[in-house]
Amino acid sequence: MPLGGVRNNGRMVAAPERVDVAIVGAGFAGMYMLHRARSAGFSAHVFERGGGVGGTWYWNRYPGARCDVPSLEYSYQFSEELQQEWEWSEKYATQPEILRYAEHVADRFDLRRSISFDTTVQTLDWQGEAWRVTTTRGTTVAQYVVLATGCLSAANVPRFTDDHLYEGKTYHTGNWPHEGVDFSKKRVAVIGTGSSGIQSIPVIAERAEHLTVLQRTPAYSVPARNQKLSPEYIESVKANYGEFRRKNSLTRAALGGDTPTGPHGACEVSDAERRDALEARWQKGGLLFLGAFNDALTNPASNQLIADFVREKIRTTVRDPETARRLSPDSVIGCKRLCVDTDYYETFNRPKVSLIDLREQPIERFTKQGIVFGRTRSSSASTAIGDEPARTEIEFDAIVFATGFDAMTGAINKIEIRGRDRRALAETWVDGPVNYLGLSVHGFPNLFMVTGPGSPSVLTNMIVSIQHHVEWITDCLARLRDSGLTTIEADVEAQREWVEHVNSVAGMTLYTSCSSWYLGANVYGKPRVFMPLPGFPAYAQRCAEVARDNYKGFITR
Ligand code: NA7
């Protein structure tokens with residue numbers, strides 16, 4: 001069952017034989033790493049699997065794809081000229097607009113001449129003093145390697161019984177055809193109701209003859225309230241962009257500095273006050289809904305009250321009570337990433353949209369024309385004990401897999417990485433990713449990760465975290481050069497303490513209470529370890545202290 005592919009449109013740049021810094025990936029992390037390394041006087045080269053820049057925004061071209069962080073925040077802040085000249089058109093930018101921005105950055109900073117597109121890094125071998133980087137096109141020796149591989153770039157495509165028999169079209173949201181897909185007059189199924197499903201479902205429903213949503217776990221979603229940005233608002237931010245950025249970076253998620261987290265816990269206020277606070281955030285829209293109260297992700301009772309509010313919104317939006325029931329999550333709100341939507345729940349009021357709850361009607365197998373659904377006994381009141389539960393086959397012209405990613409470690413683990421003593425990273429991470437500061441792994445000298453596991457990454461505005469890492473790494477490389485040193489590696493004890501620290505911070509929250517991709521629980525066989533570290537400001541402070549303290553916790557030579 002090959003999933004619809006993408007068209008490559010990159011041009012070929014030959015990689016040098018030797019380079020100071022090899023960078024894997026030309027998304028926002030890789031592009032800035034290239035620019036920063038060059039500016040610091042290092043030679044640098046990027047290897048990119050795709051045919052163009054943009055990373056996530058190069059691949060995720062599904063209908064309705066947009067960022068869930070406001071565009072005036074989801075952008076680089078390293079260049080005042082860049083942030084002044086670029087004009088975002090909407091509160092939440094669409095994928096095409098973000099991709100145009102990435103392309104603008106690539107041109108503006110003359111990045112393309114050092115990027116090999118359509119080039120996959122296959123192996124990284126530590127040679128004692130440098131890395132040998134083997135790609136689908138050749139070999140480069142690099143003193144340092146930076147993995148800018150992205151947190152959500154390895155698609156998770158679940159397998160189903162007989163899925164090879166299906167003769168209709170299949171797509172994964174994270175690998176969408178460049179030419180787009182016309183769903184008019186088509187009977188379409190979407191599997192998955194995370195952010196990608198929730199963004200694409202209302203848009204696919206516009207065109208499709210019929211849309212069937214296959215939901216395994218209902219998600220919590222809040223309205224985006226997307227809108228065109230007014231020139232006055234843009235002007236007001238740009239007039240003091242530095243201060244706007246500074247306030248954002250002081251929040252836990254490095255976003256939304258103009259809407260601080262409420263000062264109370266949800267249980268500390270009256271019912272009316274709680275409702276008003278939640279309603280105000282619901283009307284404002286977006287991820288900051290969860291910041292109405294300061295204990296949403298630490299106090300189960302508060303979390304329950306906030307979740308009740310959203311469930312009530314679902315009940316009052318979705319006209320069919322049975323559909324509303326199926327769409328209502330019963331888990332901790334915010335445990336899986338909150339979704340941000342435009343007309344998601346409203347879409348289920350359309351006669352041409354239906355919902356199948358896979359917990360009641362599991363996918364049994366694929367056929368030539370569609371999918372056979374079983375029926376669990378508990379969901380079938382009419383099934384007498386001893387009877388076989390009923391089966392239904394539904395035919396689809398196209399099936400969309402909105403089934404997410406092998407997050408945070410997936411893209412790294414696709415590369416065969418061998419460090420000191422030829423030890424494989426996959427072996428070191430067999431029980432889950434270990435590292436120091438989310439930046440460096442013991443046994444793998446001169447290898448850095450941008451927004452890797454063990455750093456705040458996906459719990460923050462990614463671009464803020466990316467900039468922070470890139471700048472920290474470049475400063476580190478410059479310090480090594482200035483001190484006449486050539487290698488750096490995480491100390492094993494510092495790494496052990498860091499892993500413990502990340503676990504203990506995560507353990508103080510409700511994040512570990514559900515089967516999320518933060519935990520690796522969405523990928524069969526992946527070790528369950530909570531990967532990102534909650535809290536950007538404390539993390540950034542710690543990184544600064546380590547650097548000031550002569551890279552404490554690292555071994556340099
Ligand atoms: P997500 O958030 O991982 O969502 C994937 C969805 O696919 C989710 O509803 C899953 O259900 C569902 N899924 C995954 N595997 C299966 C199988 N085997 N059967 C049925 N359903 C399945 O990925 P997205 O692409 O939506 O979003 C990723 C991030 O991008 C998002 O968090 C934002 O940060 C941007 P489950 O919940 O696992 O039961």
Side-chain angles (χ1 to χ4, degrees), residues 1 27 55-57 59-69 74 92-93 95 98 150-161 163 170-176 189-201 212-222 224 253 255 286-287 326-327 329-341 344 355-366 371 373-374 399-408 410 451 456-463 465 511 513-526 528 531-532:
M1 190 186 53
T56 290
W57 304 103
W59 297 103
N60 283 266
R61 299 174 187 236
Y62 60 85
R66 40 173 102 236
C67 190
D68 57 8
V69 171
Y74 192 83
Y92 296 107
Q95 174 273 329
I98 301 174
C151 294
L152 296 163
S153 46
N156 172 39
V157 186
R159 301 305 310 263
F160 296 96
T161 307
D163 55 12
T170 55
Y171 307 95
H172 189 281
T173 47
N175 188 13
W176 202 259
V190 173
I191 307 179
T193 52
S195 296
S196 305
I198 280 176
Q199 287 187 339
S200 60
I201 284 163
T212 309
V213 176
L214 312 187
Q215 169 192 275
R216 185 166 69 180
T217 314
Y220 291 96
S221 189
V222 296
L255 63 91
L287 291 172
R326 290 187 179 133
L327 285 169
D330 54 10
S331 52
V332 160
I333 183 169
C335 181
K336 290 187 180 181
R337 189 181 173 103
L338 191 62
C339 299
V340 177
D341 74 272
Y344 176 62
L355 176 69
I356 290 185
D357 181 340
L358 297 176
R359 294 182 297 190
E360 296 173 357
Q361 287 181 271
I363 293 175
E364 203 176 88
R365 62 191 158 85
F366 278 49
I371 297 177
F373 297 90
I399 299 176
V400 174
F401 286 75
T403 44
F405 301 90
D406 181 353
M408 306 201 71
T451 63
S457 61
V458 291
L459 297 178
T460 67
N461 175 353
M462 283 299 286
I463 302 222
S465 284
Y511 277 123
S513 67
C514 68
S515 297
S516 68
W517 58 256
Y518 297 143
L519 262 174
N522 63 328
V523 175
Y524 183 73
K526 190 167 173 172
R528 289 197 176 207
M531 293 182 282

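Quick caveat: nothing in here was measured; it's all calculated off a predicted structure. When a ligand or atom number is given, it counts from 1 through the structure's own listing order.
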* Asked: Mind checking whether K336 has a heavy atom under 4.0 Å from ligand 1?
  ->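 Yes.
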
* Asked: Looking only at heavy atoms of F160, does any of them come nearer than 4.0 Å to an atom of ligand 1?
  ->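 Under 4.0 Å: yes for F160.
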
Minimum-distance pair of heavy atoms, taken over all atoms of [X] and [Y]:
X	Y	result
T56	L152	OG1-O, 4.0 Å
T193	Q215	OG1-CG, 3.7 Å
I201	G192	CD1-O, 4.3 Å
A407	W517	CB-CE3, 3.3 Å
F405	N522	O-ND2, 2.8 Å

To the nearest 0.1 Å, how far is [atom] from its closest protein heavy atom, and which atom is that?
atom	result
atom 24 (P) of ligand 1	S196 OG, 3.3 Å
atom 28 (C) of ligand 1	W517 NE1, 3.9 Å
atom 4 (O) of ligand 1	G194 CA, 3.5 Å
atom 9 (O) of ligand 1	T193 N, 2.9 Å
atom 15 (N) of ligand 1	R216 NH2, 3.5 Å
atom 23 (O) of ligand 1	G404 CA, 3.1 Å

Does any N or O of ligand 1 fall below 3.5 Å from an N or O anywhere on [X], backbone included?
X	result
R337	yes
S515	no
A402	yes

Below 4.0 Å, non-hydrogen atoms only: which portion of [X] touches ligand 1? Side chain, backbone, both or neither.
X	answer
L152	side chain
P158	side chain
V458	neither

* **Nearest neighbour of atom 31 (C) of ligand 1 from the list G174, S331, S195, C339, on a heavy-atom basis** =>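 Looking at heavy atoms only, the winner is S195.
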
* To do: Identify which of L338, T217, L459, V190 has a heavy atom lying nearest to atom 36 (P) of ligand 1.
  =>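 Nearest heavy atom to atom 36 (P) of ligand 1 lies in T217.
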
Using a 3.5 Å distance criterion without hydrogens, assess whether the side chain of [X] forms a donor-acceptor pair with backbone atoms of [Y].
X	Y	answer
Y220	C335	no
D163	F366	no
Q199	R66	yes
K526	G410	no

* Asked: Would you say the side chain of I371 lies within less than 4.5 Å of the side chain of L214, judging by non-hydrogen atoms?
  -> yes

* Plane angle bin for Y518 and Y511 - parallel if under 30°, tilted between 30 and 60°, otherwise perpendicular ->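 Correct class here is perpendicular.
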
Which of the numbered atoms in ligand 1 are under 4.0 angstrom from any heavy atom belonging to [X]?
X	value
L358	20 (C)
I191	20 (C), 21 (N)
G192	6 (C), 7 (O), 9 (O), 12 (C)

* Set of salt bridge (charged side-chain N to carboxylate O under 4.0 Å, His left out) partners for R337, sequence neighbours left out ->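 With neighbours one apart ignored, the set is D68.
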
